[in-house]
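Values below: all heavy atoms of this structure, side chains included; hydrogens, waters and symmetry mates excluded. All chains are named by letter (A, B, ...) in the order of the sequence lines, taking the proteins before the strands, and each is independently numbered beginning at 1.
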Amino acid sequence: MSSQKSDSVHSEWSNQELADVFERIANLLEIKGDVIYKIRAYQRAAESLRAEPRSAAALLAEGKLDEIPGVGKAISEKIEELITTGKLEFLEQLEQEIPPSLLELLQVPDVGPKRAALLWKQAGITDLAGLEAAAREHRLSKLPGLGEKSEARILAGIEALGRRTGRMSLDVAWAHAQRWMDWLRQQPEVQRVEPGGSLRRWRETIGDLDLIAASDHPEPLMERFIHHPDVQRVKGHGENKSSVELRNGVHIQLWAQPPQRFGTLWVYATGSKAHNVRLRELALKRQLSLSERGFEDASGRLMEYATEEEVYAVLDLPWIPPELREDHGEIEAALKGQLPELIETRQIQAELHSHTTWSDGALSVEGMARAAIERGLRILAITDHSGTLGITGGLKAEQLPAQRAEIEQVQARLGKQIKLLHGIEVDIMADGSLGFADEVLAGLDIVIASLHSSLRQPRETITARLVRAIRNPHVDLIAHPSGRLLPNREGADLDWDTVLAEAKAHGVALEINANPHRLDLTDLYARRALELGIPLAINTDAHSPGELDLARYGAAVARRAWVGPEQVLNTWTVERLTRWLAQR
DNA sequence: GCCGTTTTCGGCCCGACTGTTTTCAGTCG
């Protein structure tokens, strides 16, 4: 990407695109060899932009860009230049000095900014193809600081890039992690095994798996780990840390320390990196140095801790739930004793988005109802698809009375075990109208509206389309608002400031779709919705009984968004929920 | 380049692992 926007599909710079520009600047400055703290400033600004739910364009208009952490005078001006002119003089200058194709080299393991500069200046290598050719011709090993082993590692790294499977959805990652944790627990040297990294923080997709072990004898454990028959390539191997690539393309990092250091190790290997940096800064203010081994005081004495609670207590902090550890304000909240109460999966007692054989579900109304009862749910909304284009086997409006009759019969049989609601998941058409007429929607207990088609419309069009649905007086809830599919299909290019403002204005709830391939709303916008007081729903969108168990993934998104039980419709009593629906 | 319950100037996290080196630089998380 250059600093010039390639086309005019987007009317505005998204925070993500701005972040990409600053990350690009940081990488180019690193290759150039600029002051490390300037580089970190650009990196921090990029991270903050990605974590900022309000659009930078809107903040600029309000003169509030400096509310973004790490954005000061210089970066504010650059954001303004990008938004107003579409390009950035500073970046264009930089790209004159440093060939931007060098940035490709940074994707290769073991190639960082210093080596990229070396490869460029001493060997004339400016892109990935050039690097691969040089490695194959054994020209790399002749460069200063590089030998035959480095050359072989770099070549292996380039080949691994081609195999790279990308990020995993959360359910896939957990399945792999469980298998490996079971294996690790069977090893004689292991006292304890836990997940770490982005998996434990329940990030929406997972790159590498981080597994943490307590062991008095880590060496033989690491030895057995790297020689496991599923291991294709050993990326690194030491006493306390090893990392491997498996034959199935999954990358695993195993960390180990003795049990009495498990607390600091687990904090460290859980991250996030930004959270860890903040903890270390707090430690330094107390004349302590914090690492995965423990706290070291000025005299060099190491203090070891077996639990995370003890580690946080040293810094006068309460234990912080992993889902919050992103340096998105959790340290400040913890210091003030104001960590939020987070929703628990067990508090979810309603499923407000489910499908039956009336559309594309696997079970009958009664089958789904009984599955819901088995899982302890008190409320189940049957919300089959409206029979509009693109949805196979959707309901026609004429079928709704028959479906209602069936739901009432099942309700009569099941009695007080569960409250069934007759709803619909109505399609939002390409023009923003709904798949059913208002008179039809008026007769239903709950109306969910969602986008399924034409997700690639330009931002203004698709935003207006969603807004029109939100403004329909019969719509209670917008399901999976962006329509994204993890790990690969991006969601609609929505103007979220507008969508959230409209949802608030009309009291329409927004769904956190719990399916691990959706997780939509994202944590970012769920947190903004929380702050705005927009009602939230955590729904599995179950098409089969097993999918009702996906609620925990939705709860994870809500927890990452600092959401407690109060604002989530699914935690409400039958009376409160039916009253809310009736008032709308 | 950013930031402020030690500061508007002078700071800005830490160790493991690797390879190429004779004591350390680069990369990574």
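- With P as the reference atom, dA16(B) and dG11(B) are 27 Å apart, rounded to whole Å.
- Distances shown here put every side-chain N or O of R280(A) at or beyond 4.0 Å from the OP1 or OP2 atom of dG15(B).
- No donor-acceptor contact under 3.5 Å links the side chain of Y37(A) to the base of dG11(B).
- Nearest-nucleotide positions on DNA chain B place Y42(A) closer to the 5' end than the other of Y42(A) and L284(A).
- The gap from the C1' atom of dG19(B) to that of dT23(B) amounts to 14 Å, rounded to the nearest Å.
- Here the separation of dT8(B) from dC3(B), taken at their P atoms, is 16 Å to the nearest Å.
- Look at the P atom in both dC13(B) and dG4(B): the space between them is 15 Å, to the nearest Å.
- In this structure, S291(A) does not reach the dC13(B) phosphate: none of its side-chain N or O atoms is under 4.0 Å from OP1 or OP2.
- For the residue pair T270(A) / R200(A), a side-chain donor-acceptor distance below 3.5 Å is found, with atom types taken as modelled.
- Separating the P atom of dG15(B) from that of dT20(B) is a span of 25 Å, rounded to the nearest Å.
- Comparing L143(A) and I75(A) by the nucleotide of DNA chain B whose heavy atom lies nearest to each, the residue mapping closer to the 5' end is I75(A).
- Side-chain nitrogen and oxygen atoms of S289(A) include at least one within less than 4.0 Å of the OP1 or OP2 phosphate oxygen of dC14(B).
- Side-chain atoms of R164(A) and H251(A) include a donor-acceptor pair closer than 3.5 Å.
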